There are 2 protein chains.
Amino acid sequence: MTTEVPTRREAPTLEAVAAEAGVSRSTVSRVVNGSVHVSPDVVLAVNAAIERLNYIPNRAARSLANRRTMAIALVVPEDAQRFFGDPFFSEIMQGITNVIEDSDYVLNLQLARPTAPSAKTIRYLLGGNVDGAIVVSHHSGDEFFTTLDSTIPVVFGGRPFHPDAHGNSFVDVDNEAAGALGTQHLIDLGRRRIATISGPSNMQAALDRHTGWRRALEDAGLDASLVATGDFTMAGGAAAMRELLDREPALDGVFVASDLMATGAISVLRSRGRRVPEDVAVVGFDDSPAATSGEVGITTVHQPSRQMGTEMARMLLDLLDGVPTERERVLPTRLVIRDSA
Amino acid sequence: MTTEVPTRREAPTLEAVAAEAGVSRSTVSRVVNGSVHVSPDVVLAVNAAIERLNYIPNRAARSLANRRTMAIALVVPEDAQRFFGDPFFSEIMQGITNVIEDSDYVLNLQLARPTAPSAKTIRYLLGGNVDGAIVVSHHSGDEFFTTLDSTIPVVFGGRPFHPDAHGNSFVDVDNEAAGALGTQHLIDLGRRRIATISGPSNMQAALDRHTGWRRALEDAGLDASLVATGDFTMAGGAAAMRELLDREPALDGVFVASDLMATGAISVLRSRGRRVPEDVAVVGFDDSPAATSGEVGITTVHQPSRQMGTEMARMLLDLLDGVPTERERVLPTRLVIRDSA
DNA sequence: CTGAAAGCGCTTACAG
DNA sequence: CTGAAAGCGCTTACAG
């Protein structure tokens, strides 16, 4: 069975509507754009014509004339695997979507290459396809994104890796304090050999949580050398946990920089005969669905992922509308106690 | 801290490049578009000018002039919850992305309202924002999408609910045969009280799998009345399983229309003291990561989700390029035996 | 309140 | 191979 290109009908233009309604193109344009300076009966006549012809304005022509695309890019420099694998993104995206849906903008998700955006991504962002961008999950090496805001407004999810002089807008939590918070809970539980599974070192949030862990241990006079790096995936968390157990079989606590990694870590602990939390207490991060999906509920540092999404979207809309806004918004975290610690 | 709109630099135009290179706009355009009818030295000069000015063609102007947006919509009429929750979508999307990435098109994901697209979605699709669309997870009530192809080329993931006379393009598996295949396995295992947990009745794939289940049972002279409907989520699968057990405590086999639902069903079976597969054998559908994520590996009907994605993308690209293509592509399924049956 | 006209930044026959 | 000119479908001052 081969193709037989269906005859696409020609879309009606502003011109056609004007003829149909017996007015000028300017007037139709005004009606379409909701200008107040049009007499009521003309509005009626034009809308009727629009209805009859099933007119939908051509986006390209509109954008060319008024320099607005009414589109926003959601840039996620992660491969699809990780994007879909970590519920954190789902939460963030729902927050963003909820706000954008109620606006006149459409949201265009762009999964970008981690570490260095492709020429295609750059051309997309710079070629007038979108009016603004939200960048989530930023890595070092993604410096392009921090310069992007000289061309279009940008809001980051999480303080960008190298905040440049301009000062990029962002929504974040205090990851260092949050890391300390989770770690302190382990200390308060009486744990003394406390390890951490950190996120990739090219991400600011990972570095900050790691620093928080170290600070809490040092403040308590405990050793802060048990570090393994994961990649924010379940498998990465498992691998890191194995490494830690090999180095220090007697560890009794671990602060893990994401719930998804904690899931992997806990299954390794159990398969190696450690009881959680009795033998090893585990504190995660995010309070994402991953924290409650397994058999043992994960005690974790909650960050308001969905709210971060809505704040990012609101901030960008304000920027686009020229409404004065805060450029940095730091949301609170809190400890959520479940079974694992 | 309030906003201080960074001064956005004016993007250089074709005009500027022409001036810089000392040629006409037409010539610059030809170079940008890779026309062969340009002398080598002029190409060099123009490219140098482009480089110097950091020129990126304006998408709106380009689209208006040549009536191509170089963008494709991936329309998924599901809420974010389900989109992110079911690994099936992740697989499909990876298949699509892989193909589109290597093309000149960008992919714009549009989560649409299930059952009836919003005015915004319709205007987006009809307003010249994209050159074509891929529609995945189609429901009855989404009839708009089946008429869309009179305006732009469309490829469906899964035979659309009401294939109209035009004949929409689609990539699918033979869901009915696949449903029978999975059910037959339960019959061959000697099971005699075989239930099904089907998908929502407003989805063609769900109906077809259900029909396959019924056909297999009837061909074997078995009762085909144990039906519960799920919604393709884990929780929905669990609820359906409870319902079935209440109605028929003695059931010994169940064909579930998705692995994710099977996951929920199995946990209910176990919590009600049924051993899987000894007491109740379970066959799932998809062979998605959900089939292997739990404690008991799920025996399932494999459908090549990722390949379906790549085929859909290729088909659409062919349609866009005017290359003759099959309009219907049905990929093979097979049974994958694990622990649950 | 309404229309004529210029302009947005490209592409593309049409000549040469 | 190259350029002048028209045109893509809108918006938006500018007059009236």
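Note that the structure is a prediction, hence the values are computed from the model and not measured. Naming convention: chains lettered A, B, ... in sequence-line order (proteins, then strands); numbering from 1 in each chain.
By the side chain to side chain donor-acceptor pair (under 3.5 Å) test, B/Tyr105 is found to be paired with B/Arg68, residues two or more places apart in sequence or in another chain being considered. With sequence neighbours excluded, no residue satisfies side-chain contact (heavy atoms from CB on, under 4.5 Å) with A/Ala45. A search for side-chain contact (heavy atoms from CB on, under 4.5 Å) contacts involving A/Ile122 returns A/Pro117, A/Leu126, A/Phe144, not counting sequence neighbours. B/Ser90 is linked by a side chain to side chain donor-acceptor pair (under 3.5 Å) to B/Gln94, counting only residues two or more places apart in sequence or in another chain. With sequence neighbours left out, A/Glu143 forms a side chain to side chain donor-acceptor pair (under 3.5 Å) with A/His162.
Identified under the side chain to side chain donor-acceptor pair (under 3.5 Å) test for residues 106-115 of chain A, with sequence neighbours left out: A/Asn108-A/Tyr124, A/Asn108-B/Gln110, A/Gln110-B/Asn108. Residue pairs meeting the side chain to side chain donor-acceptor pair (under 3.5 Å) criterion with at least one member in residues 29-50 of chain A, sequence neighbours excluded, are A/Ser29-A/Asn33, A/Asn33-A/Arg62, A/Ser39-A/Asp41.
Applying a 4.0 Å cut-off to non-hydrogen atoms, the residues of residues 30-45 of chain A that approach DNA chain D are A/Arg30, A/Asn33, listed by residue number. Taken residue by residue, residues 54-69 of chain B places heavy atoms nearer than 4.0 Å to DNA chain D at B/Leu64, B/Ala65, B/Arg67. Near DNA chain D, meaning a heavy atom under 4.0 Å away, the residues from residues 19-28 of chain A are A/Arg25, A/Ser26.
Taking both residues in full, the closest heavy atoms of B/Pro77 and B/Val136 are given as CD-O, 2.9 Å, listed atom of the first, atom of the second, then distance.
Put simply, the side chain of A/Arg123 reaches to within 4.5 Å of the side chain of B/Pro57, judged on heavy atoms. Residues B/Val154 and B/Ile134 form no side-chain contact, since every pair of their non-hydrogen atoms from C-beta on lies 4.5 Å or further apart.
Put simply, the residue from A/Ile152, A/Leu107, A/Ile96 that forms a side chain to side chain contact (heavy atoms under 4.5 Å, CB included) with A/Ile72 is A/Leu107. None of B/Met315, B/Glu326, B/Glu328 except one satisfies the side chain to side chain contact (heavy atoms under 4.5 Å, CB included) rule with B/Val171; the exception is B/Met315.
For B/Thr325 (side chain) and B/Arg327 (main-chain N/O), no donor-acceptor pair under 3.5 Å exists by modelled atom type. A/Asp131 places a side-chain N or O within donor-acceptor distance of the main-chain N or O of A/Met70, the cut-off being under 3.5 Å.
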- Message: Let me check I have this right: for DNA chain D, each base becomes ., (, ), [, ] or |, based on Watson-Crick or G-U pairs with both distances under 3.5 Å. What is the full string?
- Response: |||.||||||||.|||
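Less than 6.0 angstrom separates the ring centroid of B/Phe83 from the ring centroid of A/Phe84.
A 4.0 Å heavy-atom criterion places the boundary nucleotides of DNA chain C facing chain B at C/dG9 to C/dA13, written 5' to 3'.
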